[in-house]
2 protein chains.
Amino acid sequence: MTQIDTKSRILNAAEQLFAKEGYHFTSLRTITTTADANLAAVNYHFGSKEGLLKAVIERRLKPLNQRRADRIEKILSTAATEQRRPRTTDLLRAFIEPTLAFRNEGPGAVEFIALIGRAMNEPDETVRNCFIQQVMPLFILLYEGLKKARPELAEEILLTRLHFVLGAMSHVMCAGARPQISIPGIPQPLTDTPQAEEMIRFACAGLEAPC
Amino acid sequence: MTQIDTKSRILNAAEQLFAKEGYHFTSLRTITTTADANLAAVNYHFGSKEGLLKAVIERRLKPLNQRRADRIEKILSTAATEQRRPRTTDLLRAFIEPTLAFRNEGPGAVEFIALIGRAMNEPDETVRNCFIQQVMPLFILLYEGLKKARPELAEEILLTRLHFVLGAMSHVMCAGARPQISIPGIPQPLTDTPQAEEMIRFACAGLEAPC
DNA sequence: GGTCATTTAAAACACTCGTTTTAATTTGTC
DNA sequence: GACAAATTAAAACGAGTGTTTTAAATGACC
């Protein structure tokens with residue numbers, strides 16, 4: 001923590017704190033104290049608190065989105081060369097698996113995923129727009145892929161169902177960073193890989209439900 | 001707006017504003033101005049901002065939860081007297097239908113539902129706890145009912161899938177209050193009754209997916 | 001080594017927030 | 001109408017926020 005420069009230290013501290021406490025509950029003073037930096041350094045390096053948030057999100061989300069997009073595009077291209085429909089389950093897996101697997105990529109990853117999961121339903125536009133802008137092309141890519149996988153499904157219905165999947169994902173992503181409330185007689189839900197597999201199964205069944 | 005007392009006017013204004021802007025972005029000054037009341041009236045009538053939130057949520061959520069619980073219990077009792085399993089789709093319908101139908105119950109209902117939908121994933125415990133406390137018994141009732149409907153399913157898996165359903169619901173509830181972003185070539189998702197029906201179909205298919 | 005741009009430090013600014021205090025007013029009751 | 005309780009009004013409090021300003025320190029380069 002001593003070698004890296006101030007900008008990175010702030011970025012790391014902000015990521016951790018934004019994700020754990022939420023964007024608006026994290027003050028710049030808390031961030032700079034954690035990062036062992038001066039208060040003004042945030043505005044110097046990132047322009048504003050919003051700029052910092054944008055940097056935090058982009059740093060991690062860009063590679064993740066790239067990974068997901070690559071997988072989806074690969075599925076689509078091989079399906080095209082083999083002259084068949086892409087499989088719903090493959091597309092969903094390409095979207096879901098890297099996202100949930102990301103939670104194991106080092107410390108703070110679970111919290112970052114929670115930040116992203118929460119971003120979609122933020123009441124404040126600052127966070128939501130920043131997220132949507134980053135992720136919308138990927139959503140569209142997935143949607144277009146699913147349309148090829150299930151062309152007989154009416155488009156509004158497919159889109160509606162895709163929204164359900166996104167909601168389920170968002171919720172799971174958020175929940176990962178919270179201590180699960182345990183109730184006597186009620187088991188704990190799955191986590192990690194089995195959860196991802198279960199979500200793929202669930203989403204696939206839902207998407208392929210009869211019309 | 002002139003006849004009703006200050007307490008109710010504050011409650012109405014707070015409901016509208018909390019739901020639209022979010023709890024933490026709504027100041028007591030905005031609320032009291034909207035309600036045409038004095039700033040101190042909030043602390044006088046509700047003790048604190050949190051107390052006001054609690055009152056706002058309880059006023060609407062209690063009857064809604066009662067309605068959902070009644071329907072679920074009725075399904076369970078008739079299934080018991082007919083000595084058969086309750087149907088997954090019936091249980092889900094009892095849970096989903098009143099919730100989404102609630103959005104048509106007068107002005108501000110859509111926003112209130114968004115407030116509730118957001119509450120589940122709120123980073124701040126103030127809002128989340130207030131919501132969870134109200135809704136947990138209903139979740140357990142639904143879970144126990146689904147366990148009877150699908151006894152062959154491992155409990156952690158059932159619970160995990162139920163979480164997916166809740167996530168999908170939460171997301172839909174939030175989205176209802178937002179202007180939908182329209183993209184050329186991408187249709188709008190369903191709303192209102194068809195959306196509720198589609199969600200029941202989706203959730204049922206997901207829950208009944210093979211293990 | 002001196003010069004200049006980059007970076008860090010410390011302090012103050014301007015503003016908003018929830019809450020509290022004190023006083024005035026309204027309302028209910030005998 | 002008078003008294004007491006409930007309610008409303010106005011003002012200030014104290015703490016916290018993001019941002020800006022001004023000054024000091026650091027580092028690169030000729």
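All heavy atoms count here, side chains included; hydrogens, waters and symmetry mates do not. The sequence lines fix the lettering, A, B, ..., with proteins before strands; numbering per chain opens at 1.
- When rounded to the nearest whole Å, the span between CG of A/Asp5 and C1' of C/dT6 equals 13 Å.
- Listed by first and then second residue, the side chain to side chain donor-acceptor pair (under 3.5 Å) pairs involving residues 162-174 of chain A are A/His171-B/Asn121 (not counting sequence neighbours).
- Below 30°, between 30° and 60°, or above 60°: for A/Phe112 and A/Phe102 the angle between ring planes is between 30° and 60°, a tilted geometry.
- Shown for residues 35-53 of chain A: residues whose heavy atoms fall under 4.0 angstrom of DNA chain D, namely A/Leu39, A/Ala40, A/Asn43, A/Ser48, A/Lys49.
- Sorted by residue number, the list of members of residues 121-134 of chain B with any non-hydrogen atom under 4.0 Å from DNA chain C is empty.
- Evaluation of the salt bridge (charged side-chain N to carboxylate O under 4.0 Å, His left out) test over residues 133-147 of chain B, restricted to residues two or more places apart or in two chains, returns B/Glu144-B/Lys147, B/Lys147-B/Glu155.
- Residues A/Thr6 and A/Asn38 fail the side-chain proximity criterion, which asks for heavy atoms closer than 4.5 Å.
- Less than 4.0 Å separates DNA chain D from at least one heavy atom of each of the following residues of residues 15-30 of chain A: A/Thr26, A/Ser27, A/Leu28, A/Arg29.
- Listed by first and then second residue, the salt bridge (charged side-chain N to carboxylate O under 4.0 Å, His left out) pairs that reach into residues 116-131 of chain A come to none, sequence neighbours excluded.
- Distance CD1 (A/Ile31) to P (D/dG16): 17 Å, rounded to an integer number of Å.
- The list of salt bridge (charged side-chain N to carboxylate O under 4.0 Å, His left out) pairs with a residue in residues 92-105 of chain A, not counting sequence neighbours, reads A/Arg67-A/Glu105, A/Arg71-A/Glu97, A/Arg93-A/Glu97, A/Arg93-A/Glu197.
- Residues that satisfy the side-chain contact (heavy atoms from CB on, under 4.5 Å) test with A/Thr193, not counting sequence neighbours, are absent from this structure.
- Applying the salt bridge (charged side-chain N to carboxylate O under 4.0 Å, His left out) rule to B/Arg87 yields the partners B/Asp90; only residues at least two apart in sequence or on another chain are considered.
- Remark: A/Ala175 pairs with A/Arg178, A/Gln180 by the side-chain contact (heavy atoms from CB on, under 4.5 Å) rule, at least two apart or across chains.
- Applying the side-chain contact (heavy atoms from CB on, under 4.5 Å) test to B/Leu39 and every residue at least two apart in sequence or in another chain returns B/Leu28, B/Arg29, B/Thr32.
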Interface polar pairs with nucleotides 26-28 of chain D, N/O, under 3.5 angstrom:
none

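- Side-chain contact of A/Arg9 with A/Asn12: a donor-acceptor pair under 3.5 Å is absent, judged by distance alone.
- Rounding to the nearest 0.5 Å places CD1 of A/Ile10 at 11.0 Å from OG1 of A/Thr34.
- Sparse packing is recorded around NZ of A/Lys54, with 12 or fewer heavy atoms of other residues, nucleotides or ligands lying under 6.0 Å away.
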